[in-house]
Protein chains: 2
Amino acid sequence: MDPALARWIEEAARLFEAGGIPRMAGRALAFLLVAEPPEPTAKEIGEALGVSKGALSPALGYLVRLHLVERFRRRGERADRYAVRPGAWRKLLQEGIKVLGRYRELAERGLFLTGENPRLKEMRDFYAFLERELPALLAKLEGA
Amino acid sequence: MDPALARWIEEAARLFEAGGIPRMAGRALAFLLVAEPPEPTAKEIGEALGVSKGALSPALGYLVRLHLVERFRRRGERADRYAVRPGAWRKLLQEGIKVLGRYRELAERGLFLTGENPRLKEMRDFYAFLERELPALLAKLEGA
DNA sequence: CGTAGAGTTCTGTCTTGACAAAACTTTGTG
DNA sequence: CACAAAGTTTTGTCAAGACAGAACTCTACG
C-alpha cells in the first residue's frame, strides 16, 4: 500500500485512540475510510494493515457494537464485509453528549457529599449547559 | 478521609482519564474539587490520596500547564498551594474544539491522498460544522 | 453430515505505563 | 551562606494492554 496512506492510517488511529477508541479498532476504522475498493473483508483489512485476524476480530466487533461500522455479506460470498456507517460521526458525538451527562451527575453527587461548594457548582452548571444545548446543535446539522 | 468521598474521587479520576487526563492528574484534580479546606499543598494532597510526592509532582505540573489548576504561594509559607481555576471546564472544552480541528484536517489530508471520497467528505463536513458552531455556544455560555 | 473457509476465543510473550522510593536540585529563611 | 523543607527527576519494580499464533467453533455448501 501507498506509504503516505499507511502513515495517514497510523495517524488517524492515534487520533481515534486519544478519543477512547482502542488502537486496533482505530486502525481498522481508518482503513475503512480510505479502502479502495470500499467494503473490504476482514482478510483484506488484515493484509492491508499487516495484522493478524485474531487481533482484528474483537476490534471489528467493537466498531460494529458502537454502530460506527456495519457488517454485512454479499450474496454468494462467504466472508463478511465491513463499511463505515453513514452518520458514524454523529453517533460518536452522541456518545460524547452522554459522557457530559456523567460529568454533570458526578458534580451533583459531589455536591451531595460535600454540601454547597462553588467549585462543584461551576462544574455542574457548565456540563448541564452543554447537555442542554448540544442536542439542538445536532438538530441544526440535521436540517442543513 | 470519608470513604464515600474517596470513592467519589476514584470515580471522578476514571472519568477524567477517559477524557485523556492521566490517572494521577485526574485524582489530584478530583481532590482539589472537594478538598476541605480548599487550596491544599502537594503534601496534603499526597497524604489525602495516599500517593507519593514523586508521582504527584508531574501530575500537578500537567494540570498547571493545561491551565486547569493554578499554583500559588501564600505569604510566609514555603509550600505551593493548588486550586482548580475558575473557567477550567471552559478551557477543557476549548481544548476539545482544537481536537475537532485535527479531525477535520485529517479528513482533508485523506481527501488529498485518495481523491473524492464520500466517506471522508462526510467526516470533514461534520467536524467543520462543529468547529464552526461550538465557539458560538461557548460565547452564549459566557453571556448567561 | 463432512469439509473448508470464516470468525472467535485463548494463550504466551513482549511492550508500555504507573508508581514508590531514592537521589538530586531548588528555594526560601535565619 | 548554610540548612531544611519543597519540588523535580530518575530508577527499579510491578501491573496492564497489545498482539501474533494456535486452538477452537461456527456456518455454508457440496
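Both backbone and side-chain heavy atoms feed into the values below; hydrogens, waters and symmetry mates do not. Within every chain, numbering begins at 1; the chains are lettered A, B, ... in the order of the sequence lines, protein sequences first and strands thereafter.
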State plainly whether one hydrophobic cluster holds both A/I97 and A/L141, where clusters connect Ile, Leu, Val, Met, Phe, Trp and Tyr through side-chain heavy atoms under 4.5 angstrom apart.
yes
Distance in angstrom units between A/R75 CZ and D/dC29 C1', rounded:
14 Å
Over 60° means perpendicular and under 30° means parallel, so classify the ring planes of B/Y103 and A/F16, tilted if in between.
tilted
pair A/L63-A/V84: side-chain heavy atoms closer than 4.5 Å:
no
Nucleotides 18-21 of chain C: which of its N/O atoms have a protein N/O under 3.5 Å away?
| residue | atom | partner | partner atom | Å |
| --- | --- | --- | --- | --- |
| C/dC19 | OP1 | B/R27 | NH2 | 2.4 |
| C/dA20 | OP2 | B/S52 | N | 3.0 |
| C/dA20 | OP2 | B/S52 | OG | 3.0 |

Just N and O in the side chain of A/R71: are any of them under 4.0 Å from OP1 or OP2 of C/dT8?
yes
A/R7 and A/E11 ion-paired at < 4.0 Å:
no
How would you label the contact of B/R81 with the nucleic acid (heavy atoms, under 4.0 Å): base, sugar-phosphate, or nothing?
nothing
NZ of B/K43 versus P of D/dA4: gap in Å, rounded?
15 Å
Once you round it to whole Å, what is the distance between P of D/dT8 and CZ of B/R65?
11 Å
Out of C/dG7, C/dG5, D/dG7, minimum distance to the side chain of A/R78 belongs to C/dG5
Grab the OH-P distance between B/Y82 and D/dA6 for me, whole Å please.
12 Å
Mind calculating the distance between CG (A/D80) and P (D/dA28) to the nearest angstrom?
10 Å
Counting only side-chain heavy atoms from C-beta out, which of D/dT8, C/dA6, D/dA6 sits nearest to A/A79?
C/dA6
Say whether A/F112 and A/F126 are linked into one hydrophobic cluster, either directly or through other cluster members, by side-chain heavy-atom distances under 4.5 angstrom.
no
Return the value, rounded to whole Å, for the distance between atom CD1 of A/I45 and atom P of C/dG7.
10 Å
Indicate yes or no for a side-chain donor-acceptor contact from B/E44 to the backbone of B/T41 under 3.5 Å, with no hydrogens or angles considered.
yes
Could you tell me how far apart A/E44 (CD) and C/dG5 (P) are, to the nearest whole angstrom?
16 Å
Grab the CD1-C1' distance between A/I21 and D/dA18 for me, whole Å please.
17 Å
What's the spacing between B/R104 CZ and B/L100 CG if we round to 0.5 Å?
10.0 Å
